[in-house]
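Shown next, in structure tokens, is the structure this report addresses.
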Protein chains: 2
Amino acid sequence: MSEARERDREATKARLLQSVEALIREEGFGALGINALAKRAGTDKVLIYRYFGGLAGLLSAYAEEGDFWWHVDDILAEPLPGPDEADGLSRCLGVIFARHAAFLRAHAVALEVIAWEIAQRNELTEALESVRESRSQEMMRRLAARFDLDVREFLASVGPLFALLGAAANYLAARGRRLRIFNGIDLQSDEGWRTLERSAARMIAGVASGAFSTYSTQ
Amino acid sequence: MSEARERDREATKARLLQSVEALIREEGFGALGINALAKRAGTDKVLIYRYFGGLAGLLSAYAEEGDFWWHVDDILAEPLPGPDEADGLSRCLGVIFARHAAFLRAHAVALEVIAWEIAQRNELTEALESVRESRSQEMMRRLAARFDLDVREFLASVGPLFALLGAAANYLAARGRRLRIFNGIDLQSDEGWRTLERSAARMIAGVASGAFSTYSTQ
DNA sequence: TTGACATGTCACCATCAGGTGACATATTAA
DNA sequence: TTAATATGTCACCTGATGGTGACATGTCAA
């Protein structure tokens, strides 16, 4: 009867971690539960308690090793406008916005993470959040270095801009999973997102024209 | 024993509707359930089935009569920059952004609605969504009329801008409920939001400088 | 007064959740 | 070989959920 599954702790742990990813992608965070995870992994839920100490432990293990968010190297990959080019920083920010948006649209798990971070706050969302935040900070630091700007002042001037555009991309991409139209924009079409990118680029340029140097405050 | 509660259908229905609001505000959407609502209203869940046809019916009744979102009159209340003033439209959009953001920060239920619309899709979020969307559309139409612009072209030029800024405000306000900092911005302080409003105003101006008239396409 | 209906109460059901204890068996060290 | 331990299976518990049927009693028209 019982097929005497192979005894391999590491393989079982790996299957459980993969189940976290698969469940989030296919059914969303709402479906994440001890029972569902065990079933999906084809194992017994008691092993989750034994190997990970419970659901929270499994989820934070996933957060640490999971590949659910972009890497700084990818978001800043060449070719990328540099400090020697005209409007280098503005165009650079535009490219980053576009890459960020493209990544989101291509990664269902990332969108689920964003949606769930807003709606709920628990051990997993906190762990995921901290990974995301540290990557963003790293990206900003490297960008400041690229343009030879003081990090503090760079954050002060570009921070609000990134906050607005990043927030917009997150919201629209997450929303676009299930709702096609927002303010007349088709969130599920390439054309809709190109429109958004053009607007974002113009908005960036608008801020840049006013102030962007290291000695801008207001 | 049983206190023989007064028999008043309308009062019971009203208590149930108030429970929806109270539960969302105090415990979030996750707590919305037949049992929790009945308990909160101090009544029996079977009455929800009888009077509203079930949870979905109660929730959509709330969506129709609930006061969970801004009214167009409020968001466009005077004083508001008009077509005769310099940069009238740009400044008008800036004011609307600020009012939208201020409303969100002051209304916990609205933030819950936004968060839940992103994370889940069900009868209630669809009903709430449709109310929100229709108010936005109405606001845009009245704005076009105020500046004597063709609605279609107005939507094409201002639509992406509103989409980006509205999305950003929604995301940041919803996120700010539980997470204080985003990209160095304090989402729970007036100062943080003033910074965002200044950036938004500059971004709007940047788009306006390039194209804003009725005959702009790209 | 009587009978129909509206309002409200209660008990119960199946299902799912997270969680735990008891057990079977493979592996490995003594 | 034997005994301890690691791995995995199974049955069961408590509690909450959505949902329904049976019942008690107030209200109101005939």
Side-chain angles (χ1 to χ4, degrees), chain A residues 1-20 22-24 26-62 116 119-127, chain B residues 1-20 22-24 26-62 116 119-127:
Chain A
M1 196 58 141
S2 48
E3 277 296 321
R5 175 176 294 284
E6 208 176 345
R7 298 192 169 205
D8 186 334
R9 177 177 183 142
E10 292 311 312
T12 300
K13 287 171 72 173
R15 250 183 301 130
L16 283 168
L17 286 169
Q18 288 160 14
S19 300
V20 176
L23 261 185
I24 293 175
E26 293 167 23
E27 318 224 13
F29 267 80
L32 268 193
I34 285 277
N35 293 309
L37 283 165
K39 188 174 208 174
R40 172 116 209 170
T43 180
D44 196 283
K45 61 181 172 181
V46 80
L47 300 183
I48 296 178
Y49 292 100
R50 287 224 272 257
Y51 296 160
F52 297 97
L55 179 59
L58 172 55
L59 297 185
S60 52
Y62 168 72
W116 223 249
Q120 307 236 312
R121 186 121 292 261
N122 53 41
E123 301 97 331
L124 176 59
T125 58
E126 273 168 32
Chain B
M1 195 59 142
S2 47
E3 278 296 322
R5 174 176 293 286
E6 206 177 347
R7 298 195 167 201
D8 186 335
R9 177 176 184 144
E10 293 310 313
T12 300
K13 287 171 72 174
R15 250 184 300 131
L16 282 168
L17 286 168
Q18 289 160 13
S19 300
V20 176
L23 261 185
I24 293 175
E26 293 168 24
E27 318 223 14
F29 267 80
L32 268 194
I34 285 278
N35 292 310
L37 283 165
K39 187 175 207 171
R40 173 116 208 169
T43 180
D44 195 284
K45 61 181 171 180
V46 79
L47 300 183
I48 296 177
Y49 292 101
R50 288 226 270 259
Y51 296 160
F52 297 97
L55 180 60
L58 172 56
L59 298 185
S60 51
Y62 168 72
W116 222 247
Q120 306 237 314
R121 186 120 292 259
N122 53 40
E123 302 97 331
L124 176 59
T125 58
E126 273 168 31

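Only a predicted model underlies this, so the values are computations on that prediction, with no experimental measurement involved.
- Note: CG (A:Leu32) to P (C:dG18) measures 10 Å, nearest angstrom.
- As rounded to whole Å, 16 Å separates atom C1' of D:dC28 from atom CZ of B:Arg9.
- Residue A:Thr12 has no polar side-chain atom (N or O) positioned under 4.0 Å from OP1 or OP2 of D:dT7.
- Contacts with DNA chain C (heavy atom under 4.0 Å) in residues 46-62 of chain B: B:Val46, B:Leu47, B:Arg50, B:Tyr51, listed by number.
- When each of C:dG19, D:dT20, D:dT7 is scored by its nearest atom to the side-chain atoms of B:Lys45, the top-ranked nucleotide is D:dT20.
- The distance from the CD atom of A:Glu27 to the CZ atom of A:Arg40 is 6.5 Å, given to the nearest 0.5 Å.
- Between B:Phe29 and B:Trp116, the ring planes are parallel. Angles under 30° get that label, and only those over 60° would be called perpendicular.
- For B:Ile34, the side-chain atoms get nearest to D:dG18 when compared with the rest of D:dG8, D:dT9, D:dG18.
- Listed here is the closest heavy atom pair of B:Leu59 and B:Val20: CD2-CG1, 4.0 Å.
- What separates NZ of B:Lys39 from C1' of D:dT17 is a distance of 12 Å, to the nearest Å.
- Put simply, the side chain of A:Arg7 and the base of C:dT25 share a donor and an acceptor less than 3.5 Å apart.
- Between B:Asn35 and the phosphate of D:dA16, there is no side-chain N or O to OP1/OP2 separation shorter than 4.0 Å.
- Tested against B:Thr12, the residues B:Leu47, B:Ile48, B:Asp44, B:Leu17 include a single side-chain contact (heavy atoms from CB on, under 4.5 Å) partner, B:Leu47.
- In this structure, the side chains of B:Lys45 and B:Asn35 come closer than 4.5 Å at one or more pairs of heavy atoms.
- Distance A:Leu37 CG to C:dC16 C1': 15 Å, rounded to the nearest Å.
- Rounded to an integer number of Å, the gap from CG of A:Asp44 to C1' of C:dT20 is 11 Å.
- When side chains are defined from C-beta on, B:Tyr62 counts as touching B:Ile24, because their heavy atoms get closer than 4.5 Å.
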